[in-house]
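What follows is a short report on a single structure.
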Amino acid sequence: MLRTHKLGEADRIITLLTRQHGRVRAVAKGVRKTTSRWGSRLEPFTHVDLQLAEGRNLDVITQADTIDAFPAHLGDHYDRYTAGTVMLETADRLVAEEKQPSLQQFLLLVGGLRAMTTGDRPPAQVLDSYLLRSLAVAGYAPSFDHCVQCGVEGPHRFFNPSAGGVMCAADKLPGSASPSAGTLQVMGALLAGDWPAVAAADARQLREASGLVSAFLHWHLERGLRSLEYVER
Ligand SMILES: [Zn+2]
């Protein structure tokens, strides 16, 4: 469940990321009535087993069984909730086409939300790893070792979000960031899901990495994500 919109008096249009059919929009009838039989099953974050019936314009949800009630684990933790909201919004934007199968994005999102709810890792790290990986799946994998311009292997000192990764001193574009070598290593570890390497990083490197991940994300989505403003970094 990615997001919902009001429809008419009592209904909602629900935007979903599905395992088999990618991004789908469907109508939940009567969901805004206080006596709704849907309860909280059709709220953002919930992972449900759905049945849909073909409607005139949009499909109609006929049944929903909860698989994972992520909101129950996120609701009491502001930092987890806001980071999770960024994940939903990112998935919504990266899987733009409706009904195009996007199994990898689906699995990344469910895995990321599950990691967010356990609280085993800091929410910002789960989020940054998810953002880099979902961008990579969408075809925007950043390079942290080879210069994106000439391909020469680094380590390189400059990172440019719009160019797609690190740049050598000869190719660097104006406005490139010059993060520490450790920060670029952390970003590579976040992309690879190498958690021991992420855990070994210091706070300054993690903060710098978060800033660059945000810049990279903003570049690839035409406009910024509203929800990202609320994540503490
Ligand atoms: Zn170069």
Side-chain angles (χ1 to χ4, degrees), residues 22 83 86-97 100-109 111-112 115-116 121-229 231-233:
V86 176
M87 292 164 70
L88 296 191
E89 209 179 324
T90 300
D92 190 26
R93 298 279 293 278
L94 289 178
V95 186
E97 287 280 322
Q100 295 289 313
S102 311
L103 179 62
Q104 275 184 294
Q105 290 288 6
F106 173 85
L107 295 175
L108 263 183
L109 181 62
M116 195 66 83
R121 298 192 180 96
Q125 292 174 21
V126 176
L127 174 63
D128 288 338
S129 178
Y130 168 79
L131 294 176
L132 287 171
R133 294 166 90 169
S134 59
L135 282 162
V137 166
Y140 309 123
S143 169
F144 295 117
D145 35 29
H146 298 269
C147 169
V148 292
Q149 193 66 38
C150 67
V152 164
E153 192 168 0
H156 296 301
R157 280 185 48 219
F158 301 96
F159 181 86
N160 193 299
S162 60
V166 292
M167 305 190 94
C168 70
D171 288 324
K172 79 172 160 76
L173 295 171
S176 296
S178 51
S180 71
T183 298
L184 290 172
Q185 279 170 6
V186 173
M187 291 178 80
L190 287 165
L191 175 62
D194 180 353
W195 293 107
V198 174
D202 65 36
R204 196 184 53 79
Q205 291 165 343
L206 287 164
R207 215 170 28 246
E208 195 173 36
S210 283
L212 293 175
V213 171
S214 296
F216 191 64
L217 179 73
H218 280 278
W219 173 259
H220 285 292
L221 307 179
E222 312 85 357
R223 58 195 158 82
L225 292 179
R226 269 170 296 128
S227 52
L228 198 56
E229 291 167 26
V231 177
E232 280 185 41
R233 292 187 178 260

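The model shown is predicted, which means the values in this text are computed figures rather than measured ones. Note that ligands are numbered from 1 as they come in the structure, with each ligand's atoms numbered from 1 the same way.
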*Can you run down the ring pair (Phe, Tyr, Trp, His ring centres under 6.0 Å) pairs that involve residues 162-196, sequence neighbours left out, and say none if there aren't any?*
none

*Report the C-alpha distance between Cys168 and Val152 in whole Å, list the side-chain angles of each, state the deciding distance to 0.1 Å, and finish with yes or no for side-chain contact (heavy atoms from CB on, under 4.5 Å).*
CA-CA 8 Å; Cys168 70; Val152 164; 5.6 Å; no

Nearest 0.5 Å, what's the [atom1]-[atom2] distance between [X] and [Y]?
X      : Y      : atom1 : atom2 : answer
Leu206 : Asp128 : CG    : CG    : 8.5 Å
Met87  : Leu108 : CE    : CG    : 8.5 Å
Leu217 : Leu94  : CG    : CG    : 7.0 Å

*Leaving waters out, which protein N, O or S atoms fall under 2.8 Å from the Zn ion (ligand 1)?*
Cys147 SG, Cys150 SG, Cys168 SG, Asp171 OD2

*asked:* Is there a side-chain contact (heavy atoms from CB on, under 4.5 Å) between Met187 and Val213? Walk through the geometry before answering.
replied: CA-CA 8 Å; Met187 291 178 80; Val213 171; 3.9 Å; yes

